[in-house]
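As structure tokens, the structure follows; a few thoughts come after it.
In what follows, every heavy atom counts, from backbone to side chain, and hydrogens, waters and symmetry copies are set aside. Both counts, for ligands and for their atoms, begin at 1 and track the order of listing. The structure displayed is predicted, hence computed values, not measured ones.
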Amino acid sequence: MSRSRKLVAGNWKMFNTRADGVKFLDAIAGEVESVGAELLLFPQSLIVADLVKHWRERGKGSLAFGVQNIYWEEKGAFTGELSPILVKEAGCGFALTGHSERRQFFGETNESAVRRALAAHKHGLKAVFCVGERLEERDAGRTFAVLEEQCAPLFKLAAKAPDDFVVAYEPVWAIGTGRTATAAQAEEAQAFLRKLLEGAWGSSGADCRILYGGSVKPENARELMAQPNIDGALVGGASLEAGSFLAIARAAEG
Ligand code: PGA
């Protein structure tokens, strides 16, 4: 994996049933091989193993799967959490961590988000570690400070970049609101993140892919992903339907 290949990931959140997922996979089955970008889906965890199996049987080309959350312990009395062992067993290669909805509704902290991300790598999975400022933080001129705070435990707990570590910049005010960051706003924040990663981890940090997320659609995907520090997209709403997900994936090719 490297920065030369864009990564387009669909975060289905708590949408898409098993039947919806199967229909989606059948719709993209003949297309994936001709897409240059690397493709990744985060379905609900209860259906991910079924979808992996379905893709192996029916799909063509490479499509990765991941879970939307992961715990740092392998087993124990942790009601409701997802063991990294079982995530791997389900056929997943990735785990989303620190998504703003986890932070906003489920008490995720900067430190717990990082612990989840590093646990994923310890178990041979890859993290997509999400960061991003809220509107009031942007308005107060604190965007860079917030990104620094969100990344601080990462640099404290990991001396170098885990292999193929992925960061997603998702300004909270752009998620599910239809209000996308402009390409210039996204690029400014992502260039700052790259400096942070490089400052802490050297060239392995600078080589991490940084995705943009927040109201990415077929209409704005090309301009966003053409920015020098945008290595792909993390897509919510527009990833639920096969046609728009594929259109965004194709936009990654320039
Ligand atoms: P959105 O969600 O594309 O619907 O704004 C993005 C995300 O939450 O990852």
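Salt bridge status for R222 with E253: absent, with no side-chain N to carboxylate O gap under 4.0 Å. At a threshold of 4.0 Å, the pair R134-E136 counts as salt-bridged, since one of the basic side-chain nitrogens sits closer than that to a carboxylate oxygen.
Within ligand 1, counting atoms from 1 as listed, the ones closer than 4.0 Å to a heavy atom of H99 are 7 (C), 8 (O), 9 (O). Here is the list of ligand 1 atoms found below 4.0 Å of a heavy atom in G176: 1 (P), 4 (O), 5 (O). Residue L234 has at least one heavy-atom neighbour below 4.0 Å for each of these atoms of ligand 1: 9 (O). Residue contact check: G214 has heavy atoms under 4.0 Å from atoms 5 (O) of ligand 1.
Of the protein's non-hydrogen atoms, the one nearest atom 7 (C) of ligand 1 is E170 OE2, 3.2 Å.
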Quiz prompt | ring pair (Phe, Tyr, Trp, His ring centres under 6.0 Å) between F165 and W201, worked out | solution = CA-CA 12 Å; F165 194 76; W201 284 339; 5.7 Å; yes
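When only interatomic distances are considered, the shortest N/O to N/O separation between G237 and ligand 1 falls below 3.5 Å. Close N/O approach between T177 and ligand 1 is not found [any backbone or side-chain N/O within under 3.5 Å]. Taking distance alone, with nitrogen or oxygen atoms compared against 3.5 Å, G236 approaches ligand 1 more closely than that limit.
Residue contacts with ligand 1 include K13, since one of its heavy atoms falls under 4.0 Å from the ligand.
Of the candidates P171, S215, A233, S239, it is S215 that places a heavy atom closest to atom 1 (P) of ligand 1.
Only backbone heavy atoms of A174 (N, CA, C or O) come within less than 4.0 Å of ligand 1; its side chain stays farther off. For N11, every heavy-atom contact with ligand 1 shorter than 4.0 Å involves the side chain, none the backbone.
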